[in-house]
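See below for the structure under consideration.
Below, all heavy atoms of this structure are taken into account, side chains as well, without hydrogens, waters or symmetry copies. Residue numbers count from 1 along this sequence. All ligand and atom numbering here is 1-based and tracks the order in the structure.
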Amino acid sequence: MRNDCDVLIAGTGVAGLYAALNFEPKTRVLVLSKRDVGISNSMLAQGGVAAVVDKTNDDYRLHIADTLIAGGYKNDLRSLEILVNEGPEDVLRLIKEMGVEFDRDETRNISMTLEGGHSRRRILHHKDSTGREITEKLLAAAKSRPNIKIIEYAQLASLTRSGGGFWAGVLVDGVHRYISCSYCILCTGGIGRAYAYTTNSAAATGDGITLAYEMGARIKNISLIQFHPTAFAAAKDRERFLISEAVRGEGALLLNCRGERFMQNYDKRGELAPRDVVSRSIMLEAARTGSDKFYLDITARGADFIRNRFPTIYRRCLEEGVDITREYIPVFPCQHYLMGGIDVNIYGDTTVDRLYAAGECSHTGVHGVNRLASNSLLEALVFARRCTYDISRRLRHEESGVDGPPPAPPLGKNPLPKGYRTTIRGIMQKAWFVIPDYDAAREGLVRASEILEDLKNGDYILTPDYIEAKSLATICTLILKEVLEKKDKGEEYY
Ligand SMILES: Cc1cc2nc3c(=O)[nH]c(=O)nc-3n(C[C@H](O)[C@H](O)[C@H](O)COP(=O)(O)OP(=O)(O)OC[C@H]3O[C@@H](n4cnc5c(N)ncnc54)[C@H](O)[C@@H]3O)c2cc1C
């Protein structure tokens, strides 16, 4: 048996990079990034990472309780306890071993912020670009390790089991080749690009979930999608800029079209209610007032505080013509995060042998029906490390590697028809956005299934666009099937 690498990791977000860094120096790790390594949801994370590192003012039990409340008590308690108990150590490793810098107060203590649904200030942050700070430091560390190789513009297209490993079909700069590995960790992130409007990066097309599904892995709670209440309400852009929860955590008020606060009419936690509650309240308030104009007002905090605490949001809004030190920020909900995905156990192991998943593409069950703010970077760290622990143990004890030749190369002849991805995005936006529309879901499922059939059987040339179109169509059908199944069982999303 042989292999080109011991472990193939798809994804250079926080999950993929942290997984790679946790392997022993003798393990040969290949990490793929389907685009530039700068394009990922990890790079976009603003608010921070939640962890009980200040044990005098906080407690593990409170973090667990807050996560359960946000998650509607549908969380997997065992995974959640692991997340909250082990997470602080991973966050401290970021500081000590990777050189990640979190904001500190004048006495050099880490300054914690508050976000919706948290009962304590427990969010470590690097101004309002925490994800970029963490990802760039992880990337630098990974590049310095001789056992880790990172390839950009390398898109995982297929996985075929062989002996004790996989043949991975990869498009490298558009050219197809097979790479053999003993284990694979999917860290391919979310599905935001299945929607017309999302905060997610262009890489979030659900490729890993589609691959796992095609291999027979169990996919769970794929319709549990988080709609962030306060994305910048830009006129056209598909990728919507997020106005972080931390802005409300620092005192911003949410206002309707008349400039009135309204959240207290829907939930006693007001602006700091969990995201699903705020998003739904906005939709109900929009129906009540007949207007979809909503605003955040942070001006009371003063210009110096705002520019220093939220430099990225300040700059980005200014580019859109809004000076947030003096003016209201126009906001509206949009797709933000996927709670479900490839079902994994507490070691990130899927139901397919030697296939692991971590980060946003995975379903560990920690979030329940609604993720608590800043818990996803923590989840990516904790469960990525646990994948490496399990794979390292198995590498020591099990014979591994492919046996036999790679599968036949793909030979499609036809170019991808235009418009399939736009159609899918339209279907999702209409069928399942904050409040499900079951008639639209039924119609959408029929159309998305037709598109998927054509993509599978149309003898299309394997290109990055084709992989993404097939993935979006697969994700759309999986989500809408689950939406309709839940309706038949009488299960509500709230
Ligand atoms: C705007 C925004 C703000 C956020 N703020 C926060 C926050 O403050 N705190 C928090 O905890 N969470 C936050 N989140 C959520 C969090 O950032 C993500 O859930 C997390 O970073 C996901 O990490 P990941 O490693 O799983 O995926 P990603 O970081 O999205 O990385 C996915 C990687 O997979 C690669 N990839 C995809 N498909 C393929 C393929 N076929 N072949 C090869 N490579 C592939 C991509 O190129 C990319 O490198 C935010 C998300 C967004 C969008």
In terms of its nearest heavy atom to atom 50 (C) of ligand 1, the top option of Gln46, Lys34, His336, Gln335 is His336
Compare Ala50, Ala231, Ser376 and give the one whose heavy atom is closest to atom 15 (C) of ligand 1.
Ser376
Taking only heavy atoms of Thr12 into account, list the atoms of ligand 1 that are under 4.0 Å away from them.
33 (C), 48 (C), 49 (O)
Quick one: do the Thr205 and Asp207 side chains pair a donor with an acceptor below 3.5 Å?
yes
What I want to know is whether Asn200 and ligand 1 share at least one N or O pair that is separated by under 3.5 angstrom.
no
To atom 23 (O) of ligand 1, the nearest of Gly206, Gly131, Ser42 on a heavy-atom basis is Ser42
Looking only at distances, can you tell me whether any N or O atom of Met43, backbone or side chain, sits closer than 3.5 Å to an N or O atom of ligand 1?
no
For ligand 1, does Thr130 get within less than 4.0 Å through its side chain, its backbone, both, or neither, judged by non-hydrogen atoms?
neither
Quick note on ligand 1: atoms under 4.0 Å from a heavy atom of Ala154 include exactly 42 (N), 43 (C)
Is it true that Phe433 and Phe227 have ring centroids separated by less than 6.0 Å?
yes
Asp207 heavy atoms, cut-off 4.0 Å: which ligand 1 atoms fall inside?
38 (N), 39 (C), 40 (C), 41 (N)
Is it true that the side chains of Asp128 and Ser244 contain a donor and an acceptor less than 3.5 Å apart?
no
Which heavy atom of the protein is the closest neighbour of atom 26 (O) of ligand 1, given with residue, atom name and distance?
Glu360 N, 2.9 Å
Output yes when the distance from some N or O of ligand 1 to some N or O of Val49 is under 3.5 Å, and no in every other case.
no
Determine whether the side chain, the backbone, both or neither of Leu242 has a heavy atom under 4.0 Å from any heavy atom of ligand 1.
side chain
If I apply the N/O under 3.5 Å rule, does Ala45 come out as touching ligand 1?
no
